[in-house]
Chemist: 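Take this structure, written in structure tokens, and hold onto it; I'll ask about it next.
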Amino acid sequence: MIRHLVIAGLLSQNLFLQAPVLHVMTWNVCAGTNSNCPLFRRSTAEVAWHVAVLATKADVVYLQEFCTGADADLERELEARTGRAWSVKSAGLTRPDGSPYRCYPDWNGRPRGVQSVTLAVAAQDARFEVHALTSPPWSARRYAVCTAHRAFCTSHFSSGAEYDDRQKGAPYRHAQLRELFKLGRGVVGGDLNLVPRDAAIAYKGRDECDPRNRWTYVTRKRKIDYLFAGVGRIRGCFVDYGRSRWSDHVPMHVWVARQEEVASLRS
């Protein structure tokens with residue numbers, strides 16, 4: 001039985017690496033610290049279940065406001081639902097003093113780890129990189145998570161709240177934008193906390209999932225979540241308004257033509 005599972009995992013991984021079109025999802029889960037969100041203080045198993053339900057047919061998943069304590073649950077849930085091997089990497093946010101920006105515990109008081117930006121890939125033993133981004137010294141430190149060779153990169157930028165890059169011109173978010181898109185060599189996206197006109201540099205030499213710029217942020221009905229790929233690579237896009245009650249952001253899915261760089265995920 002174990003031998004069959006190993007063979008199935010290797011076959012599914014090879015199918016991912018050779019697939020002509022790849023399916024990438026991004027979603028701000030809003031599970032960590034926002035008491036107005038449905039997944040606030042839900043157990044790590046429940047949070048992972050909600051993600052896996054959305055990502056059953058995805059090859060790559062970008063998450064924001066996830067909790068590091070749910071990483072193992074997410075990997076198990078994705079593998080159970082898809083029949084494929086998965087790898088998950090989270091970068092936990094840190095406070096100005098270097099301490100972790102913790103998710104609130106669940107309703108039973110169990111810790112859920114640190115609020116994170118997370119990348120999951122349908123491949124066994126995928127390698128990842130974490131890169132610190134320029135962040136306000138008085139607020140949360142932001143990070144980008146990428147696969148090896150940066151075929152896939154995601155981040156969650158500063159919020160723009162009074163305590164987090166509210167200055168005129170959003171200097172820290174624009175610095176983060178430049179840094180993320182300098183890192184990313186393939187499919188790049190996440191919750192950028194910038195509307196399209198303020199994220200203009202990201203469109204240079206790239207296509208974005210939804211050229212109609214439909215809203216992704218439920219609370220204020222504006223687009224701040226993105227999935228970019230090289231010009232001509234995008235084959236389809238879906239903004240999932242049917243899940244608008246699961247978070248303060250809706251999930252977004254893109255289908256992109258495969259590039260040879262995907263084959264280097266484990267190299």
Side-chain angles (χ1 to χ4, degrees), residues 22-32 34 37 51 54-55 58-68 71 74 88-93 101 114-121 128-135 140-147 150-160 164-165 170 172-196 198-203 206-210 213-218 222-230 234 237-240 243 247-254 256:
L22 299 173
H23 177 181
V24 183
M25 180 187 89
T26 188
W27 187 35
N28 184 320
V29 184
C30 195
N34 187 340
C37 287
V51 174
L54 298 174
D59 301 300
V60 181
V61 178
Y62 298 164
L63 302 172
Q64 306 84 42
E65 295 187 43
F66 195 62
C67 296
T68 58
D71 284 2
L74 178 61
V88 176
K89 177 65 176 179
S90 285
L93 276 61
Y101 195 99
V114 181
Q115 183 156 290
S116 65
V117 56
T118 299
L119 175 53
V121 180
F128 299 93
E129 303 173 355
V130 174
H131 300 268
L133 301 180
T134 300
S135 305
R141 186 67 181 268
R142 304 287 173 161
Y143 297 89
V145 183
C146 302
T147 54
R150 304 172 194 169
F152 303 97
C153 284
T154 186
S155 186
H156 183 197
F157 291 175
S158 296
S159 69
D164 195 12
D165 195 32
Y172 288 96
R173 279 171 286 165
H174 280 99
Q176 292 161 6
L177 186 70
R178 291 190 296 271
E179 291 164 358
L180 176 64
F181 282 87
K182 185 177 180 180
L183 287 168
R185 298 170 182 167
V187 182
V188 185
D191 178 356
L192 307 188
N193 274 316
L194 292 166
V195 295
D198 293 329
I201 63 168
Y203 288 83
R206 303 177 190 89
D207 290 335
E208 205 277 324
C209 176
D210 183 22
N213 290 336
R214 289 169 291 178
W215 60 266
T216 59
Y217 181 38
V218 177
R222 62 183 184 179
K223 180 177 175 62
I224 57 175
D225 301 272
Y226 300 84
L227 287 166
F228 287 92
I234 292 178
C237 184
F238 175 53
V239 182
D240 190 357
R243 308 295 183 174
S247 171
D248 62 351
H249 291 245
V250 293
M252 186 163 61
H253 301 254
V254 70
V256 297

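Computation of the quantities below employed the complete heavy-atom set of this structure, encompassing side-chain atoms and omitting hydrogens, waters and symmetry-equivalent molecules. In this chain, residues are counted from 1 in sequence order.
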Chemist: In Å, rounded to the nearest 0.5 Å, how long is the span from NE2 of His174 to CG of Leu192?
Modeler: 10.5 Å
Chemist: Would you find a donor on one side and an acceptor on the other, under 3.5 Å apart, between the side chain of Thr118 and the backbone of Phe66?
Modeler: no
Chemist: Heavy atoms, side chains only, cut-off 4.5 Å: are Phe152 and Val145 in contact?
Modeler: no
Chemist: Just how far is it from atom OG1 of Thr26 to atom CG of Leu54, taken to the nearest 0.5 Å?
Modeler: 11.5 Å
Chemist: Looking only at heavy atoms, what is the nearest atom pair of Cys67 and Gly32, with distance?
Modeler: SG-CA, 3.9 Å
Chemist: Could you tell me whether the side chain of Leu177 reaches within less than 4.5 Å of the side chain of Leu194, counting heavy atoms only?
Modeler: yes
Chemist: Does the pair Arg150 and His131 meet the rule for a side-chain contact (heavy atoms from CB on, under 4.5 Å), with working shown?
Modeler: CA-CA 11 Å; Arg150 304 172 194 169; His131 300 268; 3.7 Å; yes
Chemist: Before you tell me yes or no, could you show the steps for Val256 and Phe228 under side-chain contact (heavy atoms from CB on, under 4.5 Å), namely the whole-Å CA-CA distance, both residues' side-chain angles and the distance that decides it to 0.1 Å?
Modeler: CA-CA 9 Å; Val256 297; Phe228 287 92; over 6 Å; no
Chemist: Side chain of Asp240, backbone of Met252: donor and acceptor closer than 3.5 Å?
Modeler: no
Chemist: What's the separation between atom CD1 in Ile201 and atom CZ in Arg206, rounded to the nearest 0.5 Å?
Modeler: 8.0 Å
Chemist: Roughly how far, to the nearest 0.5 Å, is CD1 of Ile224 from CG of Asp198?
Modeler: 11.5 Å
Chemist: Does the ring pair (Phe, Tyr, Trp, His ring centres under 6.0 Å) test come out yes or no for Tyr172 and Phe157, once each step is laid out?
Modeler: CA-CA 9 Å; Tyr172 288 96; Phe157 291 175; over 10 Å; no
Chemist: Is there a donor-acceptor contact under 3.5 Å from the side chain of Arg214 to the main chain of Asp210?
Modeler: no
Chemist: Only one of Val117, Thr216, Asp191 clears side chain to side chain contact (heavy atoms under 4.5 Å, CB included) with Asn28; which?
Modeler: Asp191
Chemist: How far apart are the C-alpha atoms of Leu74 and Leu63, what are their side-chain angles, what is the distance that settles it, and do they pass the side-chain contact (heavy atoms from CB on, under 4.5 Å) test?
Modeler: CA-CA 11 Å; Leu74 178 61; Leu63 302 172; 3.8 Å; yes
Chemist: Any donor and acceptor pair, going by atom type alone, linking the side chain of Trp27 with main-chain N or O of His249 inside 3.5 Å?
Modeler: yes
Chemist: Restricting to non-hydrogen atoms, name the atom on Ile234 and the atom on Leu227 that form the minimum distance, rounded to 0.1 Å.
Modeler: CD1-O, 4.4 Å
Chemist: Please round to the nearest 0.5 Å and tell me the distance separating atom CG of Asp225 and atom CG of Asn193.
Modeler: 8.0 Å
Chemist: For Asp164 and Ser158, which I'm curious about, is there any donor-acceptor pair between the side chains at under 3.5 Å?
Modeler: yes
Chemist: How far apart are the C-alpha atoms of Lys223 and Glu208, what are their side-chain angles, what is the distance that settles it, and do they pass the salt bridge (charged side-chain N to carboxylate O under 4.0 Å, His left out) test?
Modeler: CA-CA 12 Å; Lys223 180 177 175 62; Glu208 205 277 324; 3.3 Å; yes
Chemist: Tell me whether Arg142 contacts the main-chain N or O of Leu93 through its side chain, where contact means a donor paired with an acceptor under 3.5 Å.
Modeler: no
Chemist: For residues Gly184 and Val188, report the shortest heavy-atom separation together with the two atoms involved.
Modeler: CA-CG2, 3.6 Å
Chemist: Classify the side-chain pair Asp71/Ser90 by whether it contains a donor and acceptor separated by less than 3.5 Å.
Modeler: yes
Chemist: Side chains of Glu65 and Ser116: any donor to acceptor distance under 3.5 Å?
Modeler: no
Chemist: Considering non-hydrogen atoms only, spot the tightest contact between Thr154 and Gly189 and give its length.
Modeler: OG1-O, 2.8 Å
Chemist: Would you check if there is a donor-acceptor pair between the side chains of Ser155 and Gln176 at a distance under 3.5 Å?
Modeler: no
Chemist: Drop me the distance from Ser135's OG to Glu179's CD, to the nearest 0.5 angstrom.
Modeler: 8.0 Å
Chemist: Would you name the heavy atoms of Tyr143 and Gly92 that are closest together and state the gap between them?
Modeler: CE1-O, 3.6 Å
Chemist: With a 4.5 Å heavy-atom cut-off, do Val121 and Asp59 have their side chains touching?
Modeler: no
Chemist: Kindly assign one of parallel, tilted or perpendicular to the pair Tyr203 and Tyr226, based on the angle between their ring planes and the thresholds 30° and 60°.
Modeler: perpendicular
Chemist: Can you find a heavy atom in the side chain of Leu180 that is under 4.5 Å from one in the side chain of Cys153?
Modeler: yes
Chemist: With sequence neighbours left out, what residues match His23 under side-chain hydrogen bond (donor to acceptor under 3.5 Å, both in side chains)?
Modeler: His253
Chemist: Report yes if the side chains of Gln64 and Val29 come closer than 4.5 Å at any heavy-atom pair, otherwise no.
Modeler: no
Chemist: Stepwise, does the side-chain contact (heavy atoms from CB on, under 4.5 Å) test hold for Leu22 with Val60?
Modeler: CA-CA 8 Å; Leu22 299 173; Val60 181; 5.8 Å; no
Chemist: Could you tell me whether the side chain of Thr68 reaches within less than 4.5 Å of the side chain of Gln115, counting heavy atoms only?
Modeler: no
Chemist: Looking at every heavy atom in both Val130 and Lys89, which two are closest together, and how far apart are they?
Modeler: CG2-CE, 3.7 Å
